[in-house]
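All values reported here derive from a predicted model rather than from experimental measurement.
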Protein chains: 2
Amino acid sequence: MARPETRRSEGQERGAGLERIRDAAIELFGRHGVKGTSLKAIAEHAGVSPALIVHHYGSKDGLRVACDQHVAESLLAIKTDAVRQGPQLDPVGMMGQLVEYRPMMRYLAKTLVDGSPHVNDLVDQIVKHAEQYTEDGVSAGLIKPSAHPRARVVVLVLFSLGTLVLHQHLKRLLGVDLVEGDGPPAAYLQAVMEIYSEGVFTPGTYENLRSYVEQLGEESDAKGGNDERD
Amino acid sequence: MARPETRRSEGQERGAGLERIRDAAIELFGRHGVKGTSLKAIAEHAGVSPALIVHHYGSKDGLRVACDQHVAESLLAIKTDAVRQGPQLDPVGMMGQLVEYRPMMRYLAKTLVDGSPHVNDLVDQIVKHAEQYTEDGVSAGLIKPSAHPRARVVVLVLFSLGTLVLHQHLKRLLGVDLVEGDGPPAAYLQAVMEIYSEGVFTPGTYENLRSYVEQLGEESDAKGGNDERD
DNA sequence: CAGTATGCTGAATGGACGTTCAGTTAGGGG
DNA sequence: CCCCTAACTGAACGTCCATTCAGCATACTG
């Protein structure tokens with residue numbers, strides 16, 4: 001090779017590596033999973049050499065941690081930020097509509113399952129946030145009070161995150177894409193809203209199940225295997 | 001059926017390989033994911049050599065397909081089988097309590113995300129099953145009728161599968177383990193039941209959101225294209 | 001008993017991967 | 001200008017992995 005004045009072939013500048021690498025990693029980790037993505041692939045996607053990634057992040061795992069942190073911070077920032085979505089029916093479900101955050105949503109959907117500390121922190125804070133949000137809703141008379149407030153919030157958040165994780169199935173079964181769709185996932189939101197508004201069981205069923213479930217509660221109390229958190 | 005008494009090194013019998021290998025694979029795939037499990041590890045866990053796995057299943061992917069099939073068939077069998085659990089509040093959530101199926105639950109929880117044809121089929125059939133089950137419930141007056149029956153069923157199934165997939169988080173946040181727990185996941189079931197019985201939103205909120213969500217439905221029907229929201 | 005199919009293995013192969021390293025290029029401050 | 005630092009690379013290394021292969025041992029068949 002001759003010695004060109006600018007060695008970067010196409011518009012690539014020196015020093016833009018760190019973020020570019022991290023974003024490429026989030027993109028590919030989100031699409032093919034961490035184990036399914038090689039440093040070489042990330043390097044190509046970012047227009048750098050594999051060695052540079054290690055130089056910057058120490059190791060593949062170091063890069064993964066950096067991605068975790070960045071995704072957690074970013075998503076938490078816009079969550080805390082504002083109620084950007086009108087009524088926040090299903091915050092997590094709606095967030096995929098914000099185009100800029102789609103790669104992070106994909107990343108979340110993939111990494112929520114193999115559990116890293118930072119992603120766990122993110123989930124914890126989403127729950128915490130939802131707890132506050134729910135309490136406010138109860139005070140404002142928008143949300144019904146609950147006999148098990150914390151458990152309800154946790155379950156609601158996991159419902160929401162769960163459908164995000166399983167968005168491929170939602171797409172296949174309902175034709176609604178939480179991550180790639182170009183509009184609000186209407187059919188999904190309609191169903192969710194109906195469930196959360198009207199419930200699913202009839203009042204009679206409620207009464208029948210109540211005794212059964214309360215009995216469960218007593219059993220597990222007797223066993224003493226339940227620890228309250230925070 | 002009588003097996004000859006050939007002693008292998010340590011209690012291992014000849015010819016017991018196929019199932020033993022497949023079960024070991026389900027166990028390890030479920031614990032560490034498919035990409036995170038080597039044939040060597042499976043071989044050791046099954047007490048055979050890696051070569052034998054390939055001999056039987058052709059390739060790692062062949063083994064994976066066999067696992068998919070077996071898990072799908074088994075779980076579908078007991079689902080179709082009977083209502084073994086008293087009131088089937090959350091069939092998927094409760095199924096992990098059946099000790100014999102725990103490895104399969106773990107396997108499901110891991111592989112639901114990276115989507116294989118057989119697992120997709122399984123999900124489809126669970127939905128189909130739930131659709132029937134729900135219709136019956138409606139007829140019997142136990143379950144409220146829905147304006148979007150199919151969407152509601154899909155969402156309910158994905159809620160259930162979603163919490164299964166995220167069972168580690170449920171464990172961390174609520175101390176309830178859907179897969180390893182030794183009793184019914186009481187706190188989880190209580191919350192689920194409350195949500196499904198009473199709903200979450202107050203009637204007033206319902207009315208407010210109704211117009212919003214129905215508007216979504218119209219938009220997606222008309223499909224105008226870009227929607228900018230502040 | 002001979003022959004063959006089958007369960008099974010150890011060793012070898014080739015490729016992919018994460019990581020290391022020596023060295024090159026550019027930039028900025030003295 | 002020189003030197004220091006930091007970005008960056010190609011090549012090499014060692015490891016792990018899925019897969020192949022030749023061959024052994026056992027069981028079945030005629």
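Between A:Ile21 atom CD1 and D:dA7 atom P there is a gap of 10 Å when expressed in whole angstrom units. Nucleotide D:dA6 holds its C1' atom 11 Å from the CG atom of A:Leu18, rounded to whole Å. The interatomic distance linking B:Tyr57 (OH) with C:dG7 (C1') rounds to 13 Å, in whole Å. Distance A:Leu63 CG to C:dC17 P: 15 Å, rounded to the nearest Å. Here D:dA11 presents its C1' atom at 16 Å from CG of A:Leu52, a figure rounded to the nearest Å. If you measure from atom CD1 of A:Ile42 to atom C1' of C:dT19, you get 14 Å, rounded to the nearest angstrom. Computed from coordinates, the B:His55 NE2 to C:dT9 C1' distance equals 11 Å when rounded to whole Å.
Proximity note for B:Ala51 (side chain, C-beta onward) versus C:dC8, D:dT9, D:dT20: the nearest is D:dT20.
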Tabulate below the donor-acceptor pairs under 3.5 Å that side-chain atoms of residues 61-74 of chain A make, not counting sequence neighbours, or state none.
| from | atom 1 | to | atom 2 | distance (Å) |
| --- | --- | --- | --- | --- |
| A:Arg64 | NE | A:Asp68 | OD2 | 3.2 |
| A:Asp68 | OD1 | A:Tyr107 | OH | 2.5 |
| A:Asp68 | OD2 | A:Ser116 | OG | 2.5 |
| A:Gln69 | NE2 | A:His118 | NE2 | 3.4 |
| A:His70 | ND1 | A:Arg22 | NH1 | 3.4 |
| A:His70 | NE2 | A:Arg22 | NH1 | 3.3 |
| A:Ser74 | OG | A:His70 | O | 2.8 |

Protein-nucleotides 16-18 of chain D N/O pairs under 3.5 Å:
| from | atom 1 | to | atom 2 | distance (Å) |
| --- | --- | --- | --- | --- |
| D:dA18 | OP1 | B:Lys60 | NZ | 2.9 |
| D:dA18 | OP2 | B:Leu39 | N | 2.8 |

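The salt bridge (charged side-chain N to carboxylate O under 4.0 Å, His left out) search around B:Asp124 returns A:Arg172, not counting sequence neighbours.
Salt-bridge check for B:Arg106 with B:Glu180: passed, with a basic side-chain N closer than 4.0 Å to an acidic carboxylate O.
With hydrogens and angles left out, the side-chain atoms of A:Asp136 and A:Gln132 include a donor and acceptor closer than 3.5 Å.
Atom CD of B:Glu100 and atom CD1 of B:Ile78 lie 7.0 Å apart (nearest 0.5 Å). Of the inter-residue distances, the one linking A:Leu166 atom CG with B:Phe159 atom CZ reads 11.0 Å to the nearest 0.5 angstrom.
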